[in-house]
2 protein chains.
Amino acid sequence: MQEINLKEHFKSFPAKQVKKGEILLRAGDFTNSAFFVEEGCLRAYIINSNGKEYIYQFAPENWIVSDEEAVLEKKEAIFYIDAIEDSVIKVLNSGDLRSPDMNVDAANKHISGLQRKLNSFRKRIILLLSATAEERYETFIKTYPNLAQRVPLKMIASYIGITPESLSRVRKELVAKK
Amino acid sequence: MQEINLKEHFKSFPAKQVKKGEILLRAGDFTNSAFFVEEGCLRAYIINSNGKEYIYQFAPENWIVSDEEAVLEKKEAIFYIDAIEDSVIKVLNSGDLRSPDMNVDAANKHISGLQRKLNSFRKRIILLLSATAEERYETFIKTYPNLAQRVPLKMIASYIGITPESLSRVRKELVAKK
DNA sequence: CCTGTGAATTGATGTATGGTAAGAAAGAAA
DNA sequence: TTTCTTTCTTACCATACATCAATTCACAGG
């Protein structure tokens with residue numbers, strides 16, 4: 001999830017309204033698009049062979065979400081992307097994000113963005129390797145307090161790698177502790 | 001883990017010999033260095049509050065390993081880095097990796113490197129979210145067949161987020177299946 | 001206001017993986 | 001070689017989390 005304000009940068013792009021539940025990308029599709037979220041919230045997730053969903057990323061206002069590997073390497077998408085709230089988005093094509101005649105300044109911004117993303121991935125990997133369900137949940141609400149208010153619990157559970165039932169019990173425990 | 005051949009690029013740097021077990025970075029240190037591995041293998045890992053180790057990265061020949069966030073943001077390191085084989089490395093400082101007067105071509109190479117890393121992190125996150133111990137192990141040996149030969153099983157276990165005992169049982173199962 | 005649908009909770013039970021401890025095997029050292 | 005150390009395996013038991021099923025709760029739509 002990136003922090004730079006991009007709204008200004010994409011202001012000339014046509015806005016697209018999407019309804020809650022609308023699917024923007026399906027696993028198996030070929031895609032050249034990324035989605036910048038101006039209002040609302042999207043999510044990217046996989047569905048594994050048992051039909052279970054695992055959320056890879058939430059994308060609230062000012063975030064960009066896409067199946068980057070599919071776009072960059074022209075592969076089939078592995079992610080589904082849909083809207084979890086009524087949203088206003090801008091559809092970007094790969095060229096909009098990184099042009100071949102990019103200058104050093106733009107490249108450095110891009111590098112910083114990638115490094116920020118890498119940092120957040122690193123933290124998530126360490127968390128998934130080493131933390132209990134309770135620790136994962138507490139880290140999530142500390143890291144994304146806004147999201148924690150907005151998204152259904154079952155999606156938070158999916159993002160942190162536990163079941164909704166377990167998350168419900170973890171929350172009960174936490175309340176009991178205070 | 002990057003794929004570009006960097007040996008040529010760092011050939012003018014002085015080589016440093018490190019013995020198996022030698023620690024190059026400790027959590028809590030401030031650091032400005034990254035390590036390019038010419039021969040041998042390093043590893044980066046965290047030690048959590050219970051004293052358990054979790055391996056974040058292996059770095060065999062031609063890889064660069066560092067606590068990137070500590071270097072870039074001048075924070076205390078969270079990782080330990082040590083040698084798991086007798087190794088020959090080059091010690092790089094942050095300026096060696098990314099100079100302020102970088103040209104567009106160098107920047108693009110850097111971007112590609114970051115994207116490759118992002119792709120591998122993405123895969124690891126999905127694996128940690130959704131795969132069983134057995135699936136994680138099989139994915140590891142498929143993805144890093146060389147490493148699987150070289151590093152002790154208990155380190156593979158640590159990397160994929162299970163205990164050495166569980167990995168031993170998983171391997172037994174896999175043998176029985178054939 | 002009702003009613004339907006998905007979300008959240010709860011209880012009972014199952015299971016994959018962890019923890020502990022002991023011994024076997026494999027490497028390093030001497 | 002022999003010894004010492006570390007890794008790996010195995011058995012037994014413990015536990016965190018998952019699964020299944022039944023309510024309850026919270027709204028969105030009519």
Side-chain angles (χ1 to χ4, degrees), chain A residues 19-23 40-41 43 45 48-55 58 82-86 127-141 147-177, chain B residues 18-23 40-41 43 45 48-55 58 82-87 127-141 147-177:
Chain A
K19 282 275 171 206
K20 177 173 171 176
E22 190 171 334
I23 297 179
C41 192
R43 96 227 233 236
Y45 58 101
N48 80 353
S49 48
N50 304 318
K52 285 191 200 148
E53 292 180 4
Y54 296 89
I55 296 180
F58 292 111
D82 67 12
I84 60 177
E85 299 174 354
D86 291 348
L127 207 70
L128 291 173
L129 276 177
S130 67
T132 62
E134 185 172 320
E135 291 164 342
R136 293 179 195 191
Y137 176 63
E138 293 202 297
T139 302
F140 182 87
I141 55 180
L147 276 179
Q149 310 289 94
R150 287 164 68 175
V151 311
L153 285 173
K154 61 170 200 163
M155 290 192 188
I156 295 176
S158 170
Y159 184 88
I160 64 178
I162 63 176
T163 60
E165 293 93 335
S166 289
L167 179 54
S168 180
R169 284 183 270 259
V170 162
R171 282 159 52 86
K172 198 179 172 187
E173 286 284 300
L174 287 174
V175 170
K177 278 191 189 168
Chain B
V18 295
K19 282 275 170 204
K20 177 174 173 175
E22 190 171 334
I23 297 178
C41 191
R43 95 226 233 236
Y45 58 100
N48 81 351
S49 48
N50 304 319
K52 285 189 203 150
E53 292 179 4
Y54 295 89
I55 296 181
F58 292 112
D82 67 12
I84 60 177
E85 297 174 356
D86 290 348
S87 305
L127 207 70
L128 290 172
L129 276 178
S130 68
T132 63
E134 186 173 320
E135 290 164 343
R136 293 179 195 191
Y137 176 63
E138 292 203 297
T139 302
F140 182 88
I141 55 180
L147 276 179
Q149 309 289 92
R150 287 165 68 176
V151 312
L153 286 172
K154 64 171 200 165
M155 290 191 188
I156 296 176
S158 170
Y159 184 89
I160 65 179
I162 64 176
T163 61
E165 294 91 338
S166 289
L167 179 54
S168 182
R169 286 181 277 257
V170 162
R171 282 161 51 87
K172 196 178 171 185
E173 287 284 299
L174 286 173
V175 171
K177 279 189 187 169

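Throughout, a chain's letter reflects where its sequence line sits, starting with A, and its residues are numbered from 1. Quick note: numbers below take in every heavy atom, side chains included, and nothing from hydrogens, waters or symmetry partners.
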Task: Separation of D/dA28 P from A/K19 NZ (nearest whole Å) - done: 13 Å
TODO: Using side-chain hydrogen bond (donor to acceptor under 3.5 Å, both in side chains) as the criterion, list what pairs up with B/R150, not counting sequence neighbours.
DONE: B/E61, B/E85
- [ ] Apply side-chain contact (heavy atoms from CB on, under 4.5 Å) to B/L128 and list each qualifying residue two or more places apart in sequence or on a separate chain.
- [x] A/I125, A/L128, A/L129, B/R124, B/R136
- [ ] Starting at atom CD of A/E135, determine the distance to atom C1' of D/dC17, rounded to an integer number of angstrom.
- [x] 14 Å
Task: Degree of bending in the helix from C/dC1-D/dG30 to C/dA30-D/dT1 once both end axes are built from five pairs, to 10° - done: 50°
Task: Where at least one partner belongs to residues 151-160 of chain A, residue pairs that pass salt bridge (charged side-chain N to carboxylate O under 4.0 Å, His left out), sequence neighbours excluded - done: none
- [ ] List in chain and number order the residues that pass side-chain hydrogen bond (donor to acceptor under 3.5 Å, both in side chains) with B/S130, two or more places apart in sequence or in another chain; answer none if no residue qualifies.
- [x] none
Open item on the list: Can you list everything that forms a side-chain hydrogen bond (donor to acceptor under 3.5 Å, both in side chains) with B/T163? Sequence neighbours excluded, please.
Closed with: B/S166
Task: Euclidean distance, atom CD1 of residue B/I84 to atom P of D/dT7 [Å, nearest integer] - done: 11 Å
Task: Along DNA chain C, first and last positions that approach a heavy atom of chain B under 4.0 Å - done: C/dT17 to C/dT20
Open item on the list: Using only atom types and a distance under 3.5 Å, with no angle test, would you say the side chain of A/N50 pairs donor to acceptor with the backbone of A/K52?
Closed with: no
Open item on the list: Tell me the interatomic distance from B/I162, atom CD1, to D/dA16, atom P, rounded to whole angstroms.
Closed with: 19 Å
Task: Any residue meeting side-chain contact (heavy atoms from CB on, under 4.5 Å) with A/S168, in chain and number order, not counting sequence neighbours - done: none
TODO: Could you tell me which residues satisfy ring pair (Phe, Tyr, Trp, His ring centres under 6.0 Å) with B/Y54, sequence neighbours excluded, listed by chain and number?
DONE: none
Task: side-chain hydrogen bond (donor to acceptor under 3.5 Å, both in side chains) involving B/E53 - partner list, sequence neighbours excluded - done: B/R43
Produce the list of close N/O pairs, under 3.5 Å, pairing protein atoms with atoms of nucleotides 19-25 of chain D; give distances to one decimal.
residue, atom, partner, partner atom, Å
D/dT19, OP1, A/K52, NZ, 2.7
D/dT19, O4, A/R169, NH2, 2.7

TODO: Select base, sugar-phosphate, or nothing to describe what A/G21 touches, counting heavy atoms under 4.0 Å on all strands.
DONE: nothing
Open item on the list: Using modelled atom types and a 3.5 Å cut-off, is there a donor and acceptor pairing between side-chain atoms of B/D82 and backbone atoms of B/G21?
Closed with: no
Task: Atom pair distance, as rounded to whole Å: NZ in B/K20 and C1' in D/dT5 - done: 11 Å
TODO: Figure out the CD/P separation between B/E173 and D/dT9, and round it to whole Å.
DONE: 13 Å
- [ ] Kindly state each residue pair satisfying salt bridge (charged side-chain N to carboxylate O under 4.0 Å, His left out) with at least one member in residues 157-168 of chain B, sequence neighbours excluded.
- [x] none
- [ ] Hey, which sits more toward the 5' end of DNA chain D by its nearest nucleotide, B/K172 or A/E134?
- [x] B/K172
